Amino acid sequence: MHPNYRAIYMTVQRIPPGKVASYGQIARLAGLPGRARQVGYALHALPPGSPVPWFRVVNARGQISQRETTGAANRQRDALEADGVDVDDRGRIDLKQFGWRA
DNA sequence: TCTGTGACCGCAC
DNA sequence: CGTGCGGCCACAG
């Protein structure tokens, strides 16, 4: 596995339950400043059933990122609510309340 | 090599 | 509040 991917996955696993982090934030904490896109790519490549809590990663505006199939986004919303995070009908999250401040 | 694409970001309107 | 634009960089073909 690519070292950068490993660093990204390690960082994502540090997000506390009930909190969310942005792609850019993960990139910075993983030692890859400005490479938020690679974080998205790494999560996209993540196999199903992995221990990495990918659902705790949202974009900088506190919204669930939309992808090709809306199914994934819906599953992410469910996972977050099961995690105790409030998500409105438009997929928005209050970062003041649920943002992870490392 | 070169090109198109993308689970992004920040700023200007 | 929303949309658009340039910048970013890894990956696939």
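Each chain gets a letter, A, B and so on, in the order its sequence line appears, and its residues count up from 1. Quantities reported herein were computed from a predicted structural model and do not represent experimental measurements.
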Please list, chain by chain and in numerical order, all residues satisfying salt bridge (Lys or Arg N to Asp or Glu O under 4.0 Å) with A/Arg14, sequence neighbours excluded.
none
Strictly below 4.0 Å, heavy-atom distances to any atom of DNA chain C: list the hits from residues 78-85 of chain A, or just say none.
none
All pairs passing salt bridge (charged side-chain N to carboxylate O under 4.0 Å, His left out) where residues 90-102 of chain A contributes a residue, at least two apart:
A/Asp88-A/Arg92
Do nucleotides 2-13 of chain C as a string where each nucleotide becomes B, S or -: B if the base has a protein heavy atom under 4.0 Å, S if just the sugar-phosphate does, - if no protein is that close.
S-B--BBSSS--
Can you say whether the rings of A/Tyr9 and A/Tyr5 are parallel (under 30°), tilted (30 to 60°) or perpendicular (over 60°)?
perpendicular
List the atom pairs, with distances to 0.1 Å, where a side-chain N or O of residues 58-66 of chain A and a protein N or O form a donor-acceptor pair under 3.5 Å, not counting sequence neighbours.
from: A/Asn59; atom 1: OD1; to: A/Arg61; atom 2: N; distance (Å): 3.0
from: A/Asn59; atom 1: OD1; to: A/Gly62; atom 2: N; distance (Å): 3.4
from: A/Asn59; atom 1: OD1; to: A/Gln63; atom 2: N; distance (Å): 3.0
from: A/Asn59; atom 1: ND2; to: A/Gln63; atom 2: O; distance (Å): 3.3

When rounded to the nearest 0.5 angstrom, what distance separates CD1 in A/Ile93 from CZ in A/Arg77?
11.0 Å
If we ignore hydrogens and angles and just use 3.5 Å, is the side chain of A/Gln25 paired with the main-chain N or O of A/Trp100 as donor and acceptor?
yes
Matching residue for A/Ile26 among A/Ile8, A/Leu32, A/Leu43 - test: side-chain contact (heavy atoms from CB on, under 4.5 Å)
A/Ile8
Could you state whether A/Leu29 and A/Leu46 fall into the same hydrophobic cluster, counting links through intermediate Ile, Leu, Val, Met, Phe, Trp or Tyr residues with side-chain heavy atoms under 4.5 angstrom apart?
yes
With a strict under 4.0 Å distance from non-hydrogen atoms of chain A, what nucleotide opens and what nucleotide closes the contacted stretch of DNA chain B, reading 5' to 3'?
B/dG6 to B/dC11
State whether the side chain of A/Gln76 and the backbone N or O of A/Phe55 hold a donor-acceptor pair below 3.5 Å, judged by distance alone.
yes
At their closest point, which heavy atom of A/Ile15 faces which heavy atom of A/Arg56, and how far apart are they?
O-NH1, 3.4 Å
Position toward the 5' end of DNA chain B (nearest nucleotide), A/Gln76 or A/Arg28
A/Gln76
